[in-house]
Amino acid sequence: MISTNISALALTAVLSTSLVLSGCGDKNKSKSVANEVKIEEIAVRKVDNAQAERALAALSMKDSGSGILSWSGKSGDSGNYTFNNVVIQGEDADDEPMKIETLELQGAHMQGDLVAFDVITMNNMSTTDDDANVKIKKLALIKPSPTISNEIAKAFGGDDKAFEDVDGEFSIGGFDMVGLDVAGDDGKITMDKFLFGAAEDNTGVFTLKNLNMDIQEDEDVKLSLGSIDVTGVNIEKYKGLVTESFKSGKNGEEIGEEAMKKIMNSMNPYAPDYKNFSLKDFDMDIAGLTVDVASVDGQTTSKNGITTITQNTSPMIITPPADGGKKEMQQFTTALNDMGYERLVFQSSSKSILDEARDSVEVIDSYLDMEDGFKLNFDYSLNGVKELMEKATALSANNAAATNPLAAMEMLSSMTVSKARIAFQDKSIVDRSFKFAAKQQGTEVDMLKNSAKAGLAFLPMMAKDPAQQTLAMEASQALGSFLDNSGTLVIEMNPPTPVDMGAVTSGAQQGNFDVSTLGLSIRAE
């Protein structure tokens with residue numbers, strides 16, 4: 001089955017992810033050229049032949065067949081070698097071996113008692129496993145840490161417990177896979193390129209090109225992705241996550257409280273995840289339901305301590321099966337048709353302004369737009385996000401939140417809201433929804449609207465004080481007008497002083513919160 005082979009490939013992908021999250025301090029790093037992510041070639045290292053021979057022996061690559069690798073020819077010296085017609089045989093002699101046309105080992109040397117190398121590249125790999133044929137044109141592992149190099153050496157030597165109990169730096173300097181082709185009885189997967197690397201400014205880069213999946217199991221699933229390109233990936237932000245996850249997970253353990261504290265302390269919310277992000281041409285078909293995304297783009301810029309992050313999706317199209325689909329899909333298809341939609345089309349955009357010195361996050365000019373449906377604009381301003389995370393980390397490490405509710409409230413009090421605004425513009429979704437509901441209930445649209453407005457009239461009666469009553473009356477009138485005339489419903493929060501979220505939560509629980517402190521207003525435009 002393809003799923004068996006994909007699990008191994010997924011493990012390879014996870015291993016490569018440690019590059020971006022763990023990093024490598026080598027001077028030979030990657031860079032983006034002409035908007036294409038590339039990894040620079042590693043300079044050839046000349047190694048003393050005696051030391052190189054020790055490294056080859058440690059890797060079970062000195063003599064053909066000394067480990068799980070055998071070959072028909074070998075050339076090179078000084079730590080740089082090429083092996084021809086390589087065969088890798090698993091522990092079970094009945095398993096189909098992996099065949100490699102050429103294997104290139106670059107910079108094989110010793111670091112004390114540990115074997116290390118600069119690059120290992122396998123060209124034109126092929127194997128068969130569980131009725132699936134796997135081919136890879138090129139797979140290169142670049143600058144693995146000595147910890148990883150020695151686990152690879154164990155695996156090449158036939159140790160089936162390699163990578164099971166690893167202690168040490170778990171990082172690589174790059175990973176490059178080209179021309180993946182997996183074909184089996186239940187489907188096919190192809191990918192042109194998958195690459196991770198470290199850039200000259202000590203940030204990470206990532207690219208994936210032309211991924212295609214066609215799987216036939218319980219549901220037919222087809223997926224294609226034109227490209228993902230990311231530059232300026234924040235290696236340091238996630239370094240703690242990978243390191244502690246690997247240490248805790250190697251024996252099947254959960255991440256402990258101290259490890260979690262280290263992770264949270266390294267993940268500064270004001271440190272952006274990337275400089276540039278681009279996803280192009282994503283298409284997915286699950287049993288006839290299609291999801292198509294033309295592009296998702298993100299950009300981060302920083303100036304004078306202020307970081308601005310913009311993200312755009314344009315557009316995302318969801319289309320139900322033309323024939324209604326299987327039973328579980330038919331209800332969704334019917335509902336869309338009853339509302340007058342053949343498909344759903346969404347676009348979105350957001351802009352965030354981060355100021356670490358002020359510990360503030362401001363979201364502006366942001367929206368979610370549904371074609372022939374609605375447009376939801378939103379913006380807000382928060383303070384104390386970093387302080388909140390720091391207190392949350394401390395509470396988690398000390399288990400204080402579970403034993404002291406007041407501590408949790410104090411944590412929430414770290415964050416305040418200065419302002420917030422939501423504007424919901426109706427572009428036919430309200431009328432379509434009432435028509436759909438009326439058809440479902442066998443009644444008329446006007447009757448449903450009148451019933452909804454009658455319910456709104458009871459809102460002021462539920463108020464517990466004059467401030468709540470004023471707000472409830474305002475909401476009732478605005479919603480009633482919105483139902484009658486469509487337009488835009490606006491909810492704004494402009495408090496005279498920033499709102500303490502801990503006080504809001506505590507007041508809501510006790511039922512005595514003064515809503516007038518929120519500066520709320522609700523109106524229809």
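Every value quoted in this text rests on a predicted model; they were computed, and no experiment measured them. Starting from 1, each residue takes its place in the sequence as its number.
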side-chain contact (heavy atoms from CB on, under 4.5 Å) partner of Arg421, chosen from Ile491, Asp379, Asn494 | Asp379
Donor-acceptor pair, Tyr270 side chain versus Asp359 backbone, under 3.5 Å?
-> yes
Set of ring pair (Phe, Tyr, Trp, His ring centres under 6.0 Å) partners for Tyr341, sequence neighbours left out | none
Rounded to the nearest 0.5 Å, what's the gap from CZ on Phe434 to CD on Gln441? Could you check?
-> 10.0 Å
Partners passing salt bridge (charged side-chain N to carboxylate O under 4.0 Å, His left out) against Asp431 (at least two apart in sequence or in another chain) | Lys435
Main-chain N/O of Thr301 paired with Thr308 side-chain donor or acceptor, under 3.5 Å = no
Do Ile215 and Ile189 touch side chain to side chain, with heavy atoms closer than 4.5 Å?
-> yes
d(Ser352 OG, Gln311 CD) to nearest 0.5 Å is 7.0 Å
Hey, mind stepping through Thr313 and Phe346 against side-chain contact (heavy atoms from CB on, under 4.5 Å) and telling me if it holds?
-> CA-CA 8 Å; Thr313 301; Phe346 295 94; over 6 Å; no
Do Arg343 side-chain atoms and Ile317 backbone N/O form a donor-acceptor pair below 3.5 Å?
-> no
Side-chain heavy-atom pair Leu225, Leu279 within 4.5 angstrom cut-off | yes
Report yes if some heavy atom in the side chain of Lys193 is under 4.5 Å from a heavy atom in the side chain of Asp176; otherwise report no.
-> yes
Can you find a side-chain donor-acceptor pair between Thr207 and Asp229 that sits under 3.5 Å?
-> yes
Donor-acceptor contacts, no H, no angles, side chain residues 369-376, under 3.5 Å, sequence neighbours left out:
from	atom 1	to	atom 2	distance (Å)
Asp369	OD1	Lys427	NZ	3.3
Asp369	OD2	Lys427	NZ	3.0

Point-to-point distance, once rounded to the nearest 0.5 Å, from CE of Met213 to OG1 of Thr190 | 10.0 Å
Tell me, please, which residues at least two apart from Glu356 pass side chain to side chain donor-acceptor pair (under 3.5 Å).
-> Asn268, Lys386
Look up atom CZ in Phe196 and atom CG in Leu141, then write down how far apart they are to the nearest 0.5 Å.
-> 13.0 Å
Minimum side-chain heavy-atom gap Glu492-Arg523 below 4.5 Å | yes
Looking at Lys419 and Glu362, does any basic side-chain N land under 4.0 Å from a carboxylate oxygen?
-> yes
Counting only heavy atoms not in Gln216, do more than 12 sit closer than 6.0 Å to its CD atom?
-> yes
Is Gln468 close to Asp465 at the side-chain level, that is, under 4.5 Å between some pair of heavy atoms?
-> yes
Check: Pro495 and Val417 side chains under 4.5 Å, non-hydrogen atoms = no
Taking the side chain from Thr300 and the backbone from Tyr274, do they hold a donor-acceptor pair closer than 3.5 Å?
-> yes
The ring pair (Phe, Tyr, Trp, His ring centres under 6.0 Å) partners of Phe282 (sequence neighbours excluded) come to none
Short side-chain to backbone donor-acceptor contact, Asn234 and Pro272, under 3.5 Å = yes
Does the side-chain contact (heavy atoms from CB on, under 4.5 Å) test come out yes or no for Val385 and Met415, once each step is laid out?
-> CA-CA 6 Å; Val385 176; Met415 188 169 70; 4.2 Å; yes
Do Ser360 and Asp355 have a side chain donor and acceptor closer than 3.5 Å?
-> no
Got more than 12 heavy atoms from elsewhere within 6.0 Å of NZ, Lys280?
-> yes
So does Lys449 have more than 12 non-hydrogen atoms from other groups sitting under 6.0 Å from NZ?
-> yes
Would you say Ser302's side chain and Thr307's backbone share a donor-acceptor pair under 3.5 angstrom?
-> no
Donor-acceptor pair, Gln347 side chain versus Ser314 backbone, under 3.5 Å?
-> no
Tell me, do Val499 and Met493 make a side-chain contact under 4.5 Å, heavy atoms counted?
-> yes
Gap between atom OG of Ser476 and atom CE of Met462 - 0.5 Å precision | 12.0 Å
Check whether more than 12 heavy atoms from other residues, nucleotides or ligands sit under 6.0 Å from atom CD of Gln440, and answer yes or no.
-> yes
Short side-chain to backbone donor-acceptor contact, Asp338 and Lys439, under 3.5 Å = no
Distance-only check: which donor-acceptor pairs under 3.5 Å involve side-chain atoms of residues 479-490, not counting sequence neighbours?
from	atom 1	to	atom 2	distance (Å)
Ser481	OG	Asn485	ND2	3.4
Asp484	OD1	Lys453	NZ	2.7
Asp484	OD2	Lys453	NZ	3.3
Asn485	ND2	Ser481	O	3.3
Ser486	OG	Asp426	OD2	2.5

In Å and rounded to the nearest 0.5 Å, what is the NZ to CZ distance from Lys209 to Phe194?
-> 13.5 Å
